[in-house]
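Presented below is the structure to which this report refers.
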There are 2 protein chains.
Amino acid sequence: MAVTSGIKNRTRQAIIDAAIDLLADNPACSLGDIASAAQVGRTTLHRYFAERADLLSAVAVEGGQRLVRAARLAELERGTGGEALLRLCREYFDLGPLLSLIFSEQGGECWEAQDETSLHTVIERGRRDGSIDPVLPADWVLSLLWSQLYAAWSYLGERPGSSRHHVLDLLTRTLTNALRPEPKPDPVRGKASATP
Amino acid sequence: MAVTSGIKNRTRQAIIDAAIDLLADNPACSLGDIASAAQVGRTTLHRYFAERADLLSAVAVEGGQRLVRAARLAELERGTGGEALLRLCREYFDLGPLLSLIFSEQGGECWEAQDETSLHTVIERGRRDGSIDPVLPADWVLSLLWSQLYAAWSYLGERPGSSRHHVLDLLTRTLTNALRPEPKPDPVRGKASATP
DNA sequence: CCGCAATGGAACACATGTGTTCCACTACGA
DNA sequence: TCGTAGTGGAACACATGTGTTCCATTGCGG
């Protein structure tokens, strides 16, 4: 193992963690801010990450690992596609500030590159087993997942009163509903479409 | 009217429009970029907006006006609350890049300050007439509206192939479903159940 | 005790963005 | 024709962030 000294890894991790927190609510924050948030001198930060870009890519790697871990915890192969996606959503929700970061940099980053195909697989399964509306493209389902995830996270952040559990409940309910297939093929022209 | 000269207003508007476009995908873009996007010298830009903050607040005002106009076009007083919200969603969708801007700066800006109460009114109406699930807090409904709106807009932007109409259709379907109340009549006791 | 690894601070050069001043150019109306 | 409003470019000082170098410090193991 190249465990240089153990303490170096700890410092390195502290910097990355601080970077995730600060970059989450200000992607343009300065290295000095990150350094002091990590309780580390700016010199030390540069000793670990020569350039800003190096830190950013380290953050991306860390984020990617956390995403993969979350996906593993979600046991995507279990149950219907819809249920699996819901479990994934719960795990992702626990990623906290990382959500903002991923969402803000969304648009072609390498974040999920690896498990993007496995997500598509899950969604595909869901459309076939009837737990996800087959009319919705998989890409759109993913967009929905991320946007509602982000909405839930910032909703929680803006309301110190509401509990994590309550918000997660709202998220679960609305995401489930959004993805649910139309219960009936016949389009009624009446008011409410309560299943007769 | 203080229509200084007509040409001044045109220049001013060009600057604001360019600012909205550029700030939408990079909130930290430079004034020089905005100036050249508006086909205007940086000097001229500073002649209209002494400081960056002045331009930003002018953009906020413009954005607020467009929001109000969209809300008026949506005729929020017509139909059920859910229908009104859907119409509003369609109008908002036409705001284009402004969506990204509003969404990125979301979190206490003055954007909607004025019609926020009217939106709450509409949602309240929807919960009573059965078109919006009463379990969902109005705040959460708004969060959903904005996040899905943003998701739809960026979905469109990342896929030059898909038509505006198609994306708007996806948005409408998923938002409607997300807000739809539980069909409360006796459940089929099937496998998948939401609230235990 | 000495020496080395790890760190923090000060100082520097550099790049970019900002806000200002000054001057030249163009179009248009009196 | 001239004067003025509107504009654009060049240059400047200033602020902030970045990347680097150099040196002093702390702490731990030999």
Side-chain angles (χ1 to χ4, degrees), chain A residues 1-63 97 100-101 104-105 107 109-110, chain B residues 1-63 97 100-101 104-105 109:
Chain A
M1 334 275 216
V3 197
T4 22
S5 95
I7 186 178
K8 292 193 68 168
N9 281 331
R10 196 160 46 81
T11 301
R12 184 187 149 92
Q13 197 57 44
I15 294 175
I16 292 181
D17 289 344
I20 291 180
D21 280 348
L22 295 206
L23 290 173
D25 56 54
N26 176 19
C29 75
S30 76
L31 295 184
D33 291 344
I34 295 178
S36 47
Q39 290 175 306
V40 151
R42 195 167 66 89
T43 309
T44 300
L45 189 151
H46 273 103
R47 208 167 272 132
Y48 285 86
F49 307 98
E51 300 189 0
R52 174 177 249 268
D54 297 328
L55 174 57
L56 293 187
S57 69
V59 164
V61 168
E62 171 73 18
S100 315
L101 194 53
S104 73
E105 310 219 15
E109 292 307 319
C110 57
Chain B
M1 325 278 230
V3 198
T4 23
S5 94
I7 186 178
K8 291 193 69 169
N9 281 329
R10 195 160 46 82
T11 301
R12 185 187 149 92
Q13 197 56 42
I15 294 174
I16 293 181
D17 289 343
I20 291 179
D21 281 348
L22 296 205
L23 289 173
D25 55 54
N26 177 18
C29 75
S30 76
L31 295 184
D33 291 343
I34 295 178
S36 46
Q39 291 175 306
V40 151
R42 194 167 67 92
T43 309
T44 300
L45 189 150
H46 272 103
R47 209 166 273 132
Y48 284 86
F49 307 98
E51 301 188 0
R52 175 178 248 269
D54 296 328
L55 175 56
L56 293 186
S57 69
V59 164
V61 168
E62 171 73 17
S100 315
L101 194 52
S104 73
E105 311 219 13
E109 292 307 318

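Order of the sequence lines fixes the chain letters, A, B, ..., with proteins taken first and strands second; residue numbering starts at 1 for each chain. Computed from heavy atoms alone, side chains included, the values below leave out hydrogens, waters and symmetry copies.
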Say you draw a straight line from CD1 of A/I15 to CD of A/Q39; how long is it, rounded to the nearest 0.5 Å?
12.0 Å
Check B/A24 against B/P97 and note the closest heavy-atom contact, atom names and distance.
CB-O, 3.4 Å
Without decimals, in angstroms, what is the distance between B/D33 CG and C/dT16 C1'?
11 Å
Mind calculating the distance between CG (B/L56) and P (C/dT18) to the nearest angstrom?
10 Å
Start with the C-alpha gap between A/V61 and A/I16, add the side-chain angles, then the distance that decides, and say whether side-chain contact (heavy atoms from CB on, under 4.5 Å) holds.
CA-CA 10 Å; A/V61 168; A/I16 292 181; over 6 Å; no
When you measure from the side chain of B/D54 to the backbone of B/E51, do you find a donor-acceptor pair of N or O atoms at a distance under 3.5 Å?
yes
Is it true that B/Q13 and B/D17 share a donor-acceptor pair across their side chains at a distance under 3.5 Å?
yes
Closest heavy-atom contact between B/S104 and B/P27?
OG-CG, 4.2 Å
Which nucleotide wins on minimum distance to the side chain of A/T44, given the candidates C/dT18, D/dG19, C/dG8?
C/dG8
Between CZ of A/F49 and P of D/dT20 the distance, given in whole Å, is 15 Å
Return the value, rounded to whole Å, for the distance between atom CG of A/L31 and atom C1' of C/dA15.
14 Å
Whole-Å gap separating P (D/dA15) and CZ (B/R52)
18 Å
Without decimals, in angstroms, what is the distance between B/I15 CD1 and D/dT7 C1'?
11 Å
Rounded to whole Å, please give me the gap between CD1 in B/I34 and P in C/dT16.
18 Å
Any idea which heavy atoms bring B/A58 and B/R12 closest together, and the distance?
CB-NH2, 4.1 Å
Looking only at side-chain N and O atoms, does B/T11 come under 4.0 Å of OP1 or OP2 in D/dT7?
yes
How would nucleotides 9-14 of chain D be written as a contact map, 5' to 3', with B for base contact, S for sugar-phosphate-only contact and - for no contact, using protein heavy atoms under 4.0 Å?
BBB---
Check whether any side-chain nitrogen or oxygen of A/Y48 sits under 4.0 Å from OP1 or OP2 of C/dT7, and answer yes or no.
yes
For A/H46 and D/dT18, what is the distance between atoms NE2 and P respectively, to the nearest whole Å?
7 Å
